[in-house]
Amino acid sequence: MSNVVIVGAQWGDEGKGKIVDLFTSWADAVVRYQGGANAGHTLVVGGVKTVLHLVPSGILHAGKRCYIGNGLVVDPEALVEEIELLKGRGLLVDPQQLIVSENAHVILPYHKRIDAGREAQSGQQKIGTTGRGIGPAYEDKVARRGIRIRDLARPKTLREKLEQRITEANAQIKSLGGEPVELEAVLQAALGLGEKILPHVGDVSRAVSHEIERGRAVLFEGAQGTLLDVDHGTYPFVTSSNTVAGYAVVGAGIGPTAIDQVIGISKAYTTRVGNGPMPTELSDATGERLRTVGAEFGATTGRPRRCGWLDALVLRYAARVNGLTGLALTKLDVLSGLDTLKIAVAYELADGKTTQEFPNDLEVLSEVRPVYEELPGWKEPLNDLREYAELPDNARRYIERVEQLVGVEAIAVSVGADRAQTIVRKNPFRHA
């Protein structure tokens, strides 16, 4: 059996939720290892749409054990909402089906107010944050003043920590023009939410290690995408955590030798939410068509996504920093009906030179012009196809050209939103 990391290979929103949901069929357990409630994973199963922000997508499979690792910053209010939603649908019957790391840090109201206040005052330098307190919570973690899940069950300890933190947090909030928080209200709300989360709290590191020792297949689910990684993304237009595959072992509390496969998820074109450079962005009718046909609006914020042609330089970079062993291409069906397709195969730099490597310098990236290779499109709809050989010739040529440019095999191709609308060419849990 294999242990597999699923990671976004672009700027997030690649369809990881659907692919995780699909591959969970062959996994025994699913672990979410970083990020927070700023990432929305949309799943459509049997025509029913479910959007999850914290709970691993694998929860939609009966009997699968799901874990929220220490690498996350958890909004307890959002988590309780998801738990109640899943219970109401009969998808979470046994509390031990979902285990939340006692060491995961917690997002509280002052984090959100600081986040929103900073963004409001950023002017032209806006990052495009969701305002959900992710960054400030990670700051508190690194500054060793964070509140953890374990603290929600300790009223005395929680009060002491909040007394120390809220004075400083309120000073920040006031300086940003916001309304300060009230200690007692934050304390009581956190304790109340903690009571509801407590049945799910445990030692995720130990539990996941035991799963692996028993030979059970574990899927590690990331949020956002490679280009939003705080170290390896288009900094500063990034998220506040490490989104690359290497962080899976840190955020879950296991050793690196446990990972067998790393699958990168990429749309058949490129999208991005928020600010920052995106070389293949289209501000024309084709870009609007991709947005409309692909329903490109953020699952968490509802913001329209920026759309453009597929960027092979981005995917090659993602393959390198993640160690990709396979690709899953999503939304191939959105390209049906276009006469000509384009893939960026190089960038023209400001000095007239060209490069086939993704620049890690934001100023350089902001000035590049994509060099495109054109391929013929196809007219046929793809939604009802279930075998790779059934795809139109030009659709297969497109996929195979992507494989050549990236140097990674496309092991799965999505041709629709539903779980069943996926062509699986290779099962990563059977190819260790």
Side-chain angles (χ1 to χ4, degrees), residues 1-2 4-10 14-27 42-46 57 61 217 219 260-271 290 293-295 309-312 314-316 318-319 322 324-345 373-432:
M1 301 295 287
S2 294
V4 178
V5 178
I6 301 291
V7 63
Q10 298 169 305
E14 301 97 346
K16 292 181 296 297
K18 174 188 172 175
I19 300 301
V20 168
D21 175 62
L22 174 71
F23 286 161
T24 299
S25 301
W26 301 292
T42 303
L43 306 102
V44 181
V45 182
S57 308
H61 291 256
L219 190 156
D260 300 300
Q261 302 278 327
V262 180
I263 308 302
I265 315 301
S266 168
K267 283 176 183 164
Y269 48 98
T270 303
T271 66
L290 292 174
V293 177
W309 296 118
L310 189 71
D311 192 327
V314 165
L315 295 187
R316 280 199 298 272
N322 290 294
L324 297 184
T325 59
L327 270 179
L329 282 178
T330 63
K331 292 197 171 184
L332 185 69
D333 53 298
V334 174
L335 299 182
S336 291
L338 292 171
D339 294 328
T340 302
L341 305 175
K342 296 182 181 181
I343 300 175
V345 296
E373 179 178 304
E374 294 190 358
L375 293 91
W378 60 89
K379 299 295 185 183
E380 302 92 327
L382 309 181
N383 307 87
D384 295 329
L385 306 182
R386 297 295 178 268
E387 299 293 335
Y388 186 73
E390 296 174 346
L391 290 172
D393 291 344
N394 286 344
R396 293 200 305 274
R397 290 190 185 101
Y398 184 81
I399 294 167
E400 288 156 15
R401 183 57 179 147
V402 172
E403 291 177 321
Q404 292 170 356
L405 289 167
V406 181
V408 178
E409 181 181 12
I411 67 165
V413 181
S414 172
V415 293
D418 199 89
R419 175 194 290 168
Q421 293 177 306
T422 312
I423 297 169
V424 179
R425 302 174 70 194
K426 181 180 289 186
N427 180 346
F429 288 99
R430 299 292 184 270
H431 293 81

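Inter-residue side-chain proximity for I263 and I411 is flagged as met; some heavy-atom pair is nearer than 4.5 Å. The closest side-chain heavy-atom distance from L385 to P392 is below 4.5 Å.
The two residues A412 and T422 have their closest heavy-atom pair at CB-CG2, 4.5 Å. Nearest heavy-atom pair across A9 and A318 is O-CB, 3.5 Å. Nearest heavy-atom pair across N383 and G416 is ND2-CA, 4.2 Å. For the residue pair A417 and Q421, the shortest heavy atom distance occurs at N-OE1, 3.1 Å. Taking each heavy atom of A312 and I343 in turn, the nearest pair found is CB-CG2, 4.0 Å.
Using a 4.0 Å cut-off between charged side-chain N and carboxylate O, E373 and R401 make a salt bridge. At a threshold of 4.0 Å, the pair D21-K18 does not count as salt-bridged, since none of the basic side-chain nitrogens sits closer than that to a carboxylate oxygen. Between D339 and K379 there is a salt bridge, since at least one side-chain N of the basic residue sits less than 4.0 Å from a carboxylate O of the acidic one.
A distance-only check finds no donor-acceptor pair linking the side chain of R316 to the backbone of V406 [under 3.5 Å]. The closest donor-acceptor contact from the side chain of E403 to the backbone of A410 lies under 3.5 Å.
Rounding to the nearest 0.5 Å places CG of L375 at 11.5 Å from NZ of K342. A distance of 9.0 Å separates OG in S414 from CG in L22, rounded to the nearest 0.5 Å. With values rounded to the nearest 0.5 angstrom, I6 atom CD1 is found 8.5 Å from T24 atom OG1. Here the straight-line distance linking atom NZ of K267 with atom CG of L290 works out to 10.0 Å at 0.5 Å rounding. Once rounded to the nearest 0.5 Å, the distance linking CD of E400 with CG of L405 reads 12.0 Å. Interatomic distance, S57 OG to R419 CZ, rounded to the nearest 0.5 Å: 10.5 Å.
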Practice item. Step by step, work out the side chain to side chain contact (heavy atoms under 4.5 Å, CB included) result for I265 and V7. Key: CA-CA 6 Å; I265 315 301; V7 63; over 6 Å; no
Check your understanding: Step by step, would you call R386 with V415 a side chain to side chain contact (heavy atoms under 4.5 Å, CB included)?
Key -> CA-CA 9 Å; R386 297 295 178 268; V415 293; 4.1 Å; yes
Review point. Checking side chain to side chain contact (heavy atoms under 4.5 Å, CB included) for the pair Y269/L332: CA distance, chi angles, key distance, verdict?
Key: CA-CA 8 Å; Y269 48 98; L332 185 69; over 6 Å; no
Practice item. With side chain to side chain contact (heavy atoms under 4.5 Å, CB included) as the test, would you mind laying out the steps for F429 and D260 before giving the verdict? Key: CA-CA 9 Å; F429 288 99; D260 300 300; over 6 Å; no
